[in-house]
Number of protein chains: 2
Amino acid sequence: MSDSALIDAARDFNRFYTNFLGVLNKAYLDTQFTLTDARVLFEVGSQERVSAVALVRDLHLDPAYLSRILKRFKAEGLMETTPDPDDRRSQIISVTDQGRQQFQDLVRRSNAQIAGRFDKLAAGEPQNVVAAMKTIRSLLDPEAALPPLVIRPHRSGDIGWIVESQAKFYSEEYGWDMRFEGLIAEVAGRFLTNFDPAMEYGWIAERGGINIGSVLMTNGGDGIAKLRLLYIDKSARGLGLGKTLVDECIRFARAKGYRQISLWTNDILSTARTIYVKAGFQLVSEEKHRMFGPELNGQTWVLDL
Amino acid sequence: MSDSALIDAARDFNRFYTNFLGVLNKAYLDTQFTLTDARVLFEVGSQERVSAVALVRDLHLDPAYLSRILKRFKAEGLMETTPDPDDRRSQIISVTDQGRQQFQDLVRRSNAQIAGRFDKLAAGEPQNVVAAMKTIRSLLDPEAALPPLVIRPHRSGDIGWIVESQAKFYSEEYGWDMRFEGLIAEVAGRFLTNFDPAMEYGWIAERGGINIGSVLMTNGGDGIAKLRLLYIDKSARGLGLGKTLVDECIRFARAKGYRQISLWTNDILSTARTIYVKAGFQLVSEEKHRMFGPELNGQTWVLDL
DNA sequence: ACAATTTAGTTGACTCAGTCAATCAATTGA
DNA sequence: TCAATTGATTGACTGAGTCAACTAAATTGT
């Protein structure tokens, strides 16, 4: 695509999104607030403590205008200002309890608008929209902080996600065929059907509502815990997430009194192998196989606890 | 729910992009036009011939306001209107040569703003931004023509998708627990590991690269074909896609010489049942069970071919 | 140290972008 | 054929947002 085609496409998108936001922002029109009021309330409400200059800068407002808005908000008891001790010209703005309620009401209205849009989409499409938004944001706004990475237990849909994302990845990257997907679907399915909450666990790493990594720990009997289906999405590699998940597993296995962790992998997955080696795993056996199409070196690694 | 994390992320993006567009739209402030003027000129300029109603609808303008804007543009010689021959109340708006020059000037200013942003990015990044924009647009713009619905054989990742989407749906809608996900993961996994291309098949319905429906046909032995994991995503219901997929199955089973199709479902899934009844399936047995948490009525249906 | 300059915020005065209600004219529907 | 609906215009209004002038505190340069 040529530069000018890119720019045209971006202009076109901006035109579309201007209209789109215009519709979404109708949500505020039912309230006492103007769009600018709402933006100020949003900014102060979500940051808790802001200076007026920062608001002027971030929201591109006229200082005079902001001054009047704040005066009104203070009169209505929604916000309060305290002089900045470091610079007595400046003031720190924060919301009162009442202001916080109004803020949360705005958030609810805004959420309802977005949820209404998302409801019309197919399952999975909202994830795609949000992922695309994050791409745009991270590129156009280098200051943007990534939403926090959360590690949580697995829930409905996660196992399917593990199967889908791993199958796609290994198929595209290494040409593994669908027998691989079949195998992990069976493994993951058995994990759920025989799930023993006392001795087993599934970890999902997610960021901003999007799954980006997983690992399962299953009971192999004889005091051996099996580490299975470790996977880190492309977008989250190089952050040490693999290590974090493996460490979680080890901690869990120790806590549950397992005497050994065992795992099966293939030698071409060198990043994973590095993680296992660093965690102290030892290679105990290796065999060539063609379970998934191309010839591979299957490896079994164990860690004595 | 992770839905709420998605919505939060979307709200956050909208907040960011409102500011971003605010900055970009400064480009118009150097001209004689207001933002709304510019939007009208953009819309008319790029569509050549539009009706006033269409503008009001697409740009969400007050008809009175648009009327005044057009009056001014006509007085300035930027636009002209001709009555619509089909409806003499209505008028067709188009730009004059002079209007087109102004429009192109706006395009240049807007492009310069975007180019300024893109210049700060690394090589390849603008492409990523624009690709993400297209993703968002295609999903959020209801006017955008729907890409065609395609029914194709299953491939890597599809089985995982089936598990994920069904697990999420039945968990949210009917409160089924993760044993359901485990069961379908095992069923779907065995489908792949024992796959017999001569007698079995998986159909995936997809639109614009996104899966929206599925059904599998497996060999149950004794000349019996099993229809499994029929699923239509929310976004594609009511289009007869379920019937289409079941018909595909029946055609396939006939062609392969099966003597009967059998399937297992639960009575609360009434839409699916309607499809089976219409296709000629007969209920042969029914039993209560609690395999997935809530009490359900499992049903076996068969169709003699 | 201290005048000169810059920065944070406020106030007065204004205007024009955008809204609402009423009206006319053409079309549709029962 | 007559009532209801839809497209477009006009009159009357208002309040969101702007601009310039000002105060007060902080910073800079010599």
Side-chain angles (χ1 to χ4, degrees), chain A residues 18-19 21-23 25-26 28-44 49-76 78-94 106, chain B residues 18-19 21-23 25-26 28-44 49-76 78-94 106:
Chain A
T18 300
N19 291 339
L21 287 173
V23 177
N25 289 337
K26 287 251 165 66
Y28 308 133
L29 296 185
D30 297 339
T31 68
Q32 55 176 312
F33 302 112
T34 67
L35 175 56
T36 310
D37 285 352
R39 290 173 65 211
V40 171
L41 191 47
F42 252 110
E43 202 66 22
V44 179
R49 296 169 61 76
V50 224
S51 71
V53 240
L55 279 182
V56 164
R57 177 173 25 82
D58 295 346
L59 302 181
H60 310 102
L61 296 179
D62 182 314
Y65 186 25
L66 176 63
S67 175
R68 278 178 234 279
I69 290 175
L70 289 178
K71 196 180 186 183
R72 206 176 65 239
F73 279 173
K74 279 192 277 187
E76 289 169 356
L78 301 181
M79 292 188 181
E80 51 198 11
T81 59
T82 53
D84 182 341
D86 296 339
D87 182 345
R88 290 191 350 270
R89 291 171 308 177
S90 186
Q91 53 182 278
I92 308 286
I93 306 158
S94 56
L106 282 189
Chain B
T18 300
N19 291 339
L21 286 174
V23 176
N25 289 337
K26 286 252 166 67
Y28 307 134
L29 296 185
D30 297 338
T31 68
Q32 53 177 309
F33 302 113
T34 67
L35 175 56
T36 312
D37 285 352
R39 290 173 66 211
V40 170
L41 190 48
F42 253 111
E43 201 68 22
V44 179
R49 296 169 61 74
V50 224
S51 71
V53 240
L55 279 181
V56 165
R57 178 175 23 84
D58 294 346
L59 302 180
H60 310 102
L61 296 178
D62 182 315
Y65 186 26
L66 176 63
S67 175
R68 279 179 234 278
I69 292 174
L70 289 177
K71 196 180 185 182
R72 204 176 67 239
F73 280 173
K74 280 192 277 187
E76 288 170 357
L78 302 180
M79 292 188 182
E80 51 197 10
T81 59
T82 53
D84 183 340
D86 296 338
D87 182 344
R88 290 187 354 266
R89 289 172 309 181
S90 185
Q91 53 181 273
I92 309 284
I93 306 157
S94 56
L106 281 188

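Within every chain, numbering begins at 1; the chains are lettered A, B, ... in the order of the sequence lines, protein sequences first and strands thereafter.
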J.: Just how far, in rounded Å, is P of D:dA26 from CG of A:Asp84?
T.: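 Value for this atom pair: 9 Å.
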J.: In whole Å, I'd like the distance from the CD1 atom of A:Ile69 to the C1' atom of C:dT10.
T.: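 In whole Å, C:dT10 C1' lies 14 Å from A:Ile69 CD1.
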J.: Between B:Val50 and B:Glu43, what is the shortest heavy-atom contact and its length?
T.: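 That would be CG2-O, 4.4 Å.
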J.: Kindly give the heavy-atom pair with the smallest separation between B:Glu80 and B:Lys74, and that separation in Å.
T.: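 For B:Glu80 versus B:Lys74, the nearest heavy atoms are CA-CG, 4.4 Å.
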J.: Can you list everything that forms a side chain to side chain contact (heavy atoms under 4.5 Å, CB included) with B:Glu76? Sequence neighbours excluded, please.
T.: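 Scan of B:Glu76 (side chain to side chain contact (heavy atoms under 4.5 Å, CB included), adjacent residues dropped) gives B:Gln32, B:Arg72, B:Phe73, B:Leu78.
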J.: Restricting to non-hydrogen atoms, name the atom on B:Val53 and the atom on B:Ser90 that form the minimum distance, rounded to 0.1 Å.
T.: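 Nearest pair, atom of B:Val53 first, then B:Ser90: CG2-OG, 4.4 Å.
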J.: Taking only residues two or more places apart in sequence or in another chain, which ones pass side chain to side chain donor-acceptor pair (under 3.5 Å) with A:Asp87?
T.: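 Residues passing side chain to side chain donor-acceptor pair (under 3.5 Å) with A:Asp87: A:Arg89.
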J.: If a protein heavy atom is under 4.0 Å from the base, mark B; if only from the sugar-phosphate, S; if neither, -; do that for nucleotides 2-11 of chain D going 5' to 3'.
T.: ----BSSBBB
J.: Find out whether B:Ile93 and B:Val40 are in side-chain contact, i.e. whether some heavy atom of one side chain is under 4.5 Å from a heavy atom of the other.
T.: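 A side-chain contact under 4.5 Å is absent here.
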J.: Could you tell me how far apart A:Gln32 (CD) and D:dA16 (P) are, to the nearest whole angstrom?
T.: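 It works out to 12 Å between those atoms.
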J.: Can you measure A:Phe33 atom CZ to D:dG15 atom C1' for me and round it to whole angstrom units?
T.: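 Interatomic distance, CZ of A:Phe33 to C1' of D:dG15: 17 Å.
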